[in-house]
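Report on one structure; see the data block that follows.
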Amino acid sequence: MSDCLFCGIIAGDIPGQIIDSDEKTVAFMDINPATPGHALVVPRKHAADLIEIEPEELEAVATAAQRLASRMDEVLEPAGFNLINSCRPAAWQTVFHFHMHVIPRYEGDPLKLPWIPGPGEGDEIAAIAEKIR
Ligand code: 5GP
Ligand code: ZN
């Protein structure tokens with residue numbers, strides 16, 4: 001896609017700190033890191049989001065994200081990781097080329113996700129589960 005930021009980084013037309021790549025994926029540092037090491041893994045083949053990406057491309061991204069997390073685990077020694085994908089603006093997506101955030105976590109780091117877990121209604125959970133099934 002000619003006007004896509006991440007296609008531009010993959011093509012080398014837009015600068016990016018590329019840290020890993022394979023036949024189907026490229027990984028590069030996020031320009032606004034949530035924590036030190038925050039990176040993005042993208043498929044080379046443009047797909048807008050989780051619903052559009054083909055399963056084999058998603059599989060390649062997941063495998064690359066695991067490889068990257070393992071590498072970060074060795075060299076950055078974080079306390080843990082979050083893998084995050086946002087699909088559509090309602091879920092905070094801002095760049096419409098599928099990407100998996102790989103976010104190393106450190107004890108006491110400042111990252112807060114806007115999600116306050118609280119108990120759900122059993123009946124409501126069951127009814128939604130039935131709809132999905
Ligand atoms: P989203 O909000 O769609 O889940 O994530 C998009 C991510 O892309 C954000 O974390 C943002 O910081 C990152 N980003 C936006 N523009 C650029 C850029 O030009 N270069 C890089 N490396 N990352 C970018
Ligand atoms: Zn793209």
Side-chain angles (χ1 to χ4, degrees):
M1 280 254 294
S2 58
D3 59 349
C4 171
L5 176 63
F6 290 172
C7 283
I9 292 176
I10 293 164
D13 297 336
I14 294 170
Q17 288 287 345
I18 292 176
I19 47 177
D20 185 48
S21 68
D22 61 24
E23 195 191 328
K24 284 185 171 288
T25 71
V26 175
F28 51 89
M29 303 306 287
D30 195 296
I31 206 170
N32 306 303
T35 68
H38 180 179
L40 304 171
V41 182
V42 302
R44 288 182 183 275
K45 185 173 179 185
H46 180 91
D49 60 28
L50 177 66
I51 302 302
E52 196 175 292
I53 189 171
E54 292 169 20
E56 53 272 30
E57 307 299 319
L58 181 59
E59 205 173 295
V61 169
T63 299
Q66 186 193 36
R67 180 172 68 235
L68 181 57
S70 297
R71 173 74 184 150
M72 287 178 180
D73 207 28
E74 286 172 17
V75 297
L76 303 179
E77 300 183 347
F81 291 93
N82 284 114
L83 288 191
I84 299 177
N85 168 254
S86 301
C87 177
R88 301 181 183 157
W92 319 317
Q93 186 176 9
T94 59
V95 177
F96 297 91
H97 178 129
F98 180 93
H99 48 282
M100 187 77 79
H101 295 260
V102 179
I103 307 179
R105 301 303 306 271
Y106 307 89
E107 297 298 347
D109 73 35
L111 177 57
K112 298 270 180 289
L113 298 173
W115 172 13
I116 302 163
E121 272 297 321
D123 288 352
E124 197 182 327
I125 293 170
I128 295 170
E130 189 52 34
K131 241 188 206 178
I132 296 168
R133 275 182 214 116

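Closest heavy-atom contact between Val41 and Ala65: CG2-CA, 4.0 Å. The two residues Pro104 and Pro36 have their closest heavy-atom pair at CG-O, 3.4 Å. Between Glu74 and Glu77, the shortest heavy-atom distance links the atoms O-CG, 3.7 Å. Across all non-hydrogen atoms, the minimal contact from Met72 to Ala39 is CE-CB, 3.7 Å. Taking every heavy atom of both residues into account, Gly37 and Leu76 meet most closely at CA-CD1, 4.0 Å.
Linking ILVMFWY residues whenever their side-chain heavy atoms come closer than 4.5 Å, directly or via other members, leaves Ile84 and Leu58 in distinct clusters. No path of Ile, Leu, Val, Met, Phe, Trp and Tyr side chains, each step under 4.5 Å between heavy atoms, connects Phe28 with Phe81, placing them in separate hydrophobic clusters.
In this structure, Phe96 and Pro89 have side chains that are in contact, with non-hydrogen atoms separated by less than 4.5 Å. No side-chain heavy atom of Phe6 sits less than 4.5 Å from a side-chain heavy atom of Val26. Taking 4.5 Å as the limit, some side-chain heavy atom of Met29 sits within range of a side-chain heavy atom of Ile19.
Taking NE2 from His38 and CD1 from Ile31, the interatomic distance works out to 12.0 Å, rounded to the nearest 0.5 Å. Remark: Leu40 CG to Ile9 CD1 distance equals 8.0 Å, nearest 0.5 Å. We find the CD1-CD1 distance between Ile125 and Ile128 to be 8.0 Å, quoted to the nearest 0.5 Å. Considering CD1 of Ile51 and CZ of Arg88, their distance stands at 5.5 Å, rounded to 0.5 Å. In this structure, CZ on Phe98 lies 10.5 Å from CD on Glu57, to the nearest 0.5 angstrom. Note that the SG atom of Cys7 and the NE2 atom of His46 stand 5.5 Å from one another [nearest 0.5 Å].
Enclosure of atom CD in Glu52 by more than 12 non-hydrogen atoms of other residues, nucleotides or ligands within 6.0 angstrom is indicated. For Glu56, the CD atom counts as densely surrounded, since its 6.0 Å shell holds more than 12 non-hydrogen atoms of other residues, nucleotides or ligands. The neighbour count for Arg44 CZ, taken as heavy atoms of other residues, nucleotides or ligands under 6.0 Å away, is above 12. Heavy atoms of other residues, nucleotides or ligands lying less than 6.0 angstrom from NZ of Lys45 number 12 at most.
A salt bridge links Asp20 with Arg67; the closest basic N to acidic carboxylate O contact falls under 4.0 Å.
Put simply, the side chain of Gln66 never gets that close to the backbone of Leu68: no donor and acceptor are under 3.5 Å apart. The closest donor-acceptor contact from the side chain of Asn85 to the backbone of His99 lies under 3.5 Å.
When each of Thr94, Ile10, Asp13, Ile14 is paired with Leu5, the side chain to side chain contact (heavy atoms under 4.5 Å, CB included) condition holds for Ile14 and for no other. Among Leu83, Thr35, Asp30, Asp109, the one residue that satisfies the side chain to side chain contact (heavy atoms under 4.5 Å, CB included) test with Ile103 is Thr35.
Side chain to side chain, Asp22 and Thr25 meet the donor-acceptor criterion of an N or O pair below 3.5 Å.
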